Each structure stands twice: as C-alpha cells, then as structure tokens.
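Following: one structure in structure tokens, then a few remarks.
Everything numeric in this text was worked out from a predicted model, so none of it was measured.
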Amino acid sequence: MTFQPSLHSFTAMSDTVRNDPSRAAVLDHPKAWPFVEAAKVARRLARSGRNHALFETGYGPSGLPHIGTFGEVARTSWVRHAFTVMTGLPSKLLAFSDDMDGLRKVPDNVPDKEMLGRYLGQPLTRIPDPFGTHDSFGAHNNARLRAFLDSFGFEYEFASSTEYYASGRFDAALIRVLECHREVLEVILPTLGPDRRASYSPILPIHPKTGIVMQVPMEKIDPAAGTVAWRDAETGEAFETSVKGGHCKLQWKADWAMRWYALEVDYEMSGKDLIDSVRLSSRLCRILGAPPPETFTYELFLDDSGQKISKSKGNGLSVDEWLRYAPAESLGQFMYNQPQRSKRLYFDVIPRAVDEYIANLDKAPNQPEAEVQTNPVWHVHLGRLPNHAGSPISFAMLLNLASVANAGTPDVLWGFIRRYKPDATPENEPLLARLVEHAVAYYHDFVSVKKQFRDPEPFEREALEDLAATLAAMQADTPAEIIQNAVFEVGKRHPFPDLRAWFGCLYQVLLGQLEGPRFGGFAALYGIAATVALIRQSLDRAPPAS
C-alpha cells in the first residue's frame with residue numbers, strides 16, 4: 001500500500017484552481033468524506049490567499065506507534081490526496097513528535113525500567129535509550145515511528161518538538177505567548193481544578209540543574225526580554241529562564257495552539273476524547289493571532305465487549321496482529337469506513353474488512369471516474385489502483401476451506417484452489433497468494449480452536465442425506481450457481497422454518513461454526529465429491545438416535 005499522490009485526468013481542473021484558489025470552493029467534488037474535508041482546506045486557503053497547505057498529525061513518543069497512529073496518518077493522507085486532486089496545489093504532511101515532553105511514568109514494555117525511573121520528568125530526548133540503539137529514548141521511539149510510517153509508504157515530513165524548540169523555530173511564537181500570557185490564562189484556568197489552578201503555568205521551563213520539565217507558577221513574565229522568572233518549590237532557589245532556544249516548552253494545550261500559529265497548520269485530526277482540547281487550543285490560537293486549522297474528530301475504537309481500547313489494558317488489536325492475519329490494504333479499508341462512528345476493533349472484524357476491500361477492488365475498474373472517487377480503494381491507494389485484480393476467492397471462503405481441510409500450510413489450500421481454478425498461481429494471482437498465507441495463520445490461531453460442531457436434529461439429518469444424494473448425482477465441474485440452487489431446493493423440501501435455518505444447519509453441523517460462506521461456492525471450491533464425503537462423515541460422527 002503506497003501512499004503517493006496521483007492527479008489522473010484532473011490536470012486541467014487543477015491548473016485552473018492553481019491560478020485561482022477561490023475556485024476550489026465552488027468546484028464539484030465527490031461526496032466521499034476525504035473530499036468533503038479537502039474542500040474545507042481549499043476554502044481556507046482561498047480566504048487566506050495562501051497557495052500551500054500544511055496537514056499535521058501528532059505523536060506522543062513515550063509509547064510505540066500503534067493502530068491509532070496508522071489510522072490518523074492514513075486518514076489525513078487521504079484528505080491530503082483529495083486536496084491535491086481537487087486543487088493541484090502543493091501540500092505537506094507533517095508528522096510531529098512531542099518528544100520534548102517530560103517522561104511521566106516508566107512504560108511497561110521497555111528494558112532497564114530502573115534506569116528510566118531515575119529520569120522521570122525530563123524531556124524524552126534527554127533520557128538515555130533503554131534499548132541502547134539511539135542517543136535518547138525519544139530518538140529511539142521517533143525512529144520506530146518513522147520506520148512504522150515508512151513501512152506503509154506514507155509520504156510525510158518528520159518533525160521533532162525538541163529540534164523545533166532548540167533551533168529557534170518557535171522563538172517568535174513563544175514571545176507571542178508571553179505577550180498574550182494573561183489572555184491565555186483566562187482561557188485555561190477556568191478549566192482546571194482549584195489545586196491545579198494555583199500552580200498552573202502555560203510556560204514550562206527546563207530546570208537548568210536537574211533537567212526536569214518544571215510545572216510551577218511564573219513569578220514574572222517579561223516579553224521584551226523573552227524570559228520568565230520562577231522558583232524551585234523544593235529548594236526555594238529562584239531562576240530566570242529564556243523561553244528561546246529550547247530552555248522552555250509549553251503545556252500541551254498551549255503547545256498545540258502555539259504550533260498551529262507558528263507553522264500555519266491548515267488541517268489536523270484528533271480523537272473524540274480530545275474534543276474539549278481542540279476547542280480550547282483553537283481559542284488560544286485565535287488569541288495568538290491566527291485562525292485555528294480545520295479539524296476533524298474521529299471516533300475511538302472499542303473492543304469486542306464495547307469497551308474503549310486502551311494501550312495499558314492491552315484490550316485492543318495491534319497493527320502487527322492485523323498484518324499477520326490480513327493485508328495492510330484491508331486495514332486501510334477498515335479505517336476508511338465511517339471514521340466518525342465508533343468501531344469495534346477485534347479479530348473477528350478482519351475477514352469482513354478483507355472481503356469488503358476485495359469487493360471494492362473488483363468494482364473499481366468498471367466504475368466511471370466520478371464514481372470511482374467514492375470507492376474506498378481509490379482513497380486507500382491514493383488514486384493509483386493496483387494493476388492486478390482482486391481475488392477470485394473471498395477471504396471468508398478461504399477461511400472455511402482452511403477449516404474443513406485442516407490446512408496447516410498454504411500448499412493444502414492451493415491444492416483445492418488449482419482444482420477449482422486451474423490457471424491460478426501465486427504469480428498471476430498475487431492478492432490471492434497473500435490471502436492464502438493469511439488464511440492459514442488466521443485458521444491456526446482462531447478458527448481451529450473455536451470449532452463447535454453440533455449434532456443434527458432428525459429432520460436435519462434427512463435434509464443432509466438428501467443434499468448428499470443430490471450432490472453425488474452432479475458432475476465434478478458443476479458451476480457454483482447450479483450447486484447453490486440445488487442446495488436451496490433441498491432446504492425447501494424439508495421442514496426448516498426458513499432457509500436461514502437450513503444454512504445455519506449446514507454451517508454448524510458440517511463446519512462447526514455459526515456462519516459460513518455461500519455454500520454453492522464452497523462446494524465448487526472444496527470439490528463436490530469431497531463435500532459429499534464431508535456430509536457423510538458429519539452424519540457418521542453423530543449416528544441417529546435409536
């Protein structure tokens with residue numbers, strides 16, 4: 001999955017908009033949500049007279065990149081691509097790491113915790129790397145972030161908070177914060193409790209002796225000198241510290257606003273849990289003298305019981321786990337769908353996401369240009385659809401085949417696939433080849449341990465015997481649709497309340513699961529003779545009551 005911009009046949013329209021950005025606000029565009037968001041950015045540029053857009057995503061490097069990191073960068077990339085297609089104007093995605101934050105607690109998943117514990121409160125980029133691979137703990141996690149984003153082919157520019165503060169890129173904006181200090185406090189203080197309000201300061205000086213990011217009240221603010229005066233509460237020692245050159249940083253809500261102001265950020269996404277923070281930082285950005293960026297709030301992920309995903313609880317699904325069981329493109333499909341609705345993120349959602357991706361990929365080549373821009377795969381691939389088709393076999397079907405065949409290796413599945421589709425090879429069906437690998441892993445870890453067969457009721461036994469006889473009379477190459485119709489007719493001949501109950505019987509008795517594939521397609525893939533044998537083995541497993 002490579003995220004690279006593509007203009008396709010939008011060149012003429014883009015040239016028009018490049019010469020007159022205000023046109024972007026009125027040009028028709030697809031109603032897909034990335035285009036809706038991109039139009040907001042285009043209108044923003046038209047108002048400002050600027051001709052370059054800055055998209056930003058944030059990262060807290062005290063932990064490792066996770067599935068939420070992927071979702072935020074992927075979704076922002078899709079909006080950025082839609083903006084490019086819509087306007088032709090240049091843009092940049094800035095992946096900003098808040099690596100100057102003080103370490104609040106020692107993470108559970110790192111070595112040498114005792115060493116890290118001695119550096120609590122210090123900026124992440126001043127703490128030794130417990131892994132021993134980088135100059136600092138912050139640098140280590142930043143490298144993990146960049147490797148993570150690079151593995152998906154995201155196009156971005158990395159930014160380090162430490163570097164931006166230390167290099168002076170924020171100096172002018174920090175002086176502006178000092179100038180607006182009273183107004184900033186008037187916005188933030190009412191949101192705090194009494195104890196925190198008494199000690200709060202948006203300015204966090206770095207202690208010149210201990211290196212700790214200090215959270216103490218300021219005794220004096222001097223915008224002209226660019227300094228703040230404060231006192232160490234433990235020792236009583238007074239200090240005057242320059243806000244320039246990385247000697248101070250800001251509390252994160254003020255920091256967010258200052259960054260928007262200093263860098264002229266045009267667009268940023270964030271989770272539902274940060275709605276109040278977005279509002280507050282937007283007010284602060286206006287106080288500093290700039291309009292806040294266009295923002296987008298996405299819903300949070302839930303686990304299989306409906307509880308919020310938490311890294312500390314470990315009740316979520318990691319990127320590595322998803323990629324073990326499905327292609328990265330399917331994760332993109334999952335992230336694309338309705339980002340403003342909460343989603344349950346657990347292993348059972350993977351097969352559906354894979355097959356939804358396949359269906360959309362198969363649909364795309366036959367869609368008109370305006371329609372294909374509403375297809376999720378067009379956004380997932382940033383307009384550059386793969387040269388290969390989707391998969392001739394659904395992922396759900398492969399999982400069921402793996403279950404019935406007890407597939408321990410991909411070769412077992414390929415044996416059935418070649419009988420069903422003789423010309424299929426890993427070389428000419430690359431997506432199918434990947435799905436086979438994933439299906440074996442998913443079967444091994446989930447399906448095989450969850451099989452629960454049930455015995456058929458007497459009338460179900462008769463229906464299954466009828467189905468076995470019906471299938472046995474068919475030719476080996478009978479098409480899947482004819483098999484499916486025959487399965488329907490068998491079900492109608494027996495006293496099932498409806499056909500759903502008939503297919504439920506097939507899945508539970510033959511496959512040991514509550515749901516299953518389109519049975520005609522499964523029988524064609526598995527083989528008619530093998531399907532007949534499966535039915536008879538299932539009946540032999542549960543002999544009729546005497």
Problem - T57 vs E268, side chain to side chain contact (heavy atoms under 4.5 Å, CB included): CA-CA, chis, key distance, verdict - result: CA-CA 6 Å; T57 62; E268 182 150 359; 5.8 Å; no
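- Annotation for R197: atom CZ counts as buried by contact number, over 12 foreign heavy atoms lying within 6.0 Å.
- For the 3.5 Å distance criterion, the side chains of D129 and S136 fail to qualify, holding no donor opposite an acceptor.
- Taking the side chain as every heavy atom from C-beta outward, V440 and E437 never approach each other to under 4.5 Å.
- Between W378 and H81, the ring-plane angle classifies as tilted under the 30° and 60° cut-offs.
- Checking Y156 against D150 by side-chain atom types alone, a donor-acceptor pair falls below 3.5 Å.
- Geometrically, K343 engages F334 in a cation-pi contact defined by less than 6.0 Å to the ring centre and at most 45° from the axis.
- For residues 182-209, the set of pairs meeting the ring-ring contact (aromatic ring centres under 6.0 Å, His included) definition, not counting sequence neighbours, comprises H207-W230, H207-F239.
- Judged purely by distance below 3.5 Å, without hydrogens or angles, the side chains of Q215 and R196 pair a donor atom with an acceptor atom.
- When atom types are taken as modelled, the side chain of Y59 and the backbone of D99 share no donor-acceptor pair closer than 3.5 angstrom.
- Counting only residues at least two apart or in different chains, ring-ring contact (aromatic ring centres under 6.0 Å, His included) contacts with residues 90-117 comprise F96-Y164.
- The distance between the ring centers of F296 and W33 falls below 6.0 angstrom.
- In this structure E163 satisfies the side-chain hydrogen bond (donor to acceptor under 3.5 Å, both in side chains) test with no other residue, sequence neighbours excluded.
- Between atom CG of residue L435 and atom CD1 of residue I358 there is a gap of 4.5 Å, rounded to the nearest 0.5 Å.
- Between the side chains of E240 and T227, at least one donor N or O sits under 3.5 Å from an acceptor N or O.
- Remark: side-chain polar atoms of R75 are paired, donor with acceptor, to backbone N or O of M335 under 3.5 angstrom.
- For D222, the CG atom counts as densely surrounded, since its 6.0 Å shell holds more than 12 non-hydrogen atoms of other residues, nucleotides or ligands.
- From K40, atom NZ reaches atom CG of D266 across 12.5 Å, with rounding to the nearest 0.5 Å.
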Exercise for the section: Could you walk me through whether N375 and Y336 pass side chain to side chain donor-acceptor pair (under 3.5 Å), step by step? Expected result: CA-CA 10 Å; N375 188 324; Y336 180 90; over 6 Å; no
Taking only distance into account, with no hydrogens and no angle test, what donor-acceptor pairs under 3.5 Å do side-chain atoms of residues 175-185 form with protein atoms, sequence neighbours excluded?
residue: R176; atom: NE; partner: L288; partner atom: O; Å: 2.9
residue: R176; atom: NH1; partner: E179; partner atom: OE1; Å: 3.2

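- A donor atom on one side chain and an acceptor atom on the other are not found under 3.5 Å apart for D255 and Q251.
- Side-chain atoms of H66 come within 3.5 Å of backbone N or O of G68 as a donor-acceptor pair.
- For the ring-ring contact (aromatic ring centres under 6.0 Å, His included) test, residues two or more places apart in sequence or in another chain that qualify with W256 are W252, W260.
- Y267 and E37 are linked by a side-chain donor-acceptor pair at a separation below 3.5 angstrom, with hydrogens and angles left out of the test.
- Considering only heavy atoms from C-beta on, L280 comes within 4.5 Å of K253 through its side chain.
- The closest donor-acceptor contact from the side chain of N360 to the backbone of P376 lies at 3.5 Å or more, if one exists at all.
- Annotation: side chain of L323 is in contact with side chain of F152 (closest heavy-atom distance under 4.5 Å).
- Not counting sequence neighbours, the partners of F446 by the ring-ring contact (aromatic ring centres under 6.0 Å, His included) test are Y325, F347, Y442.
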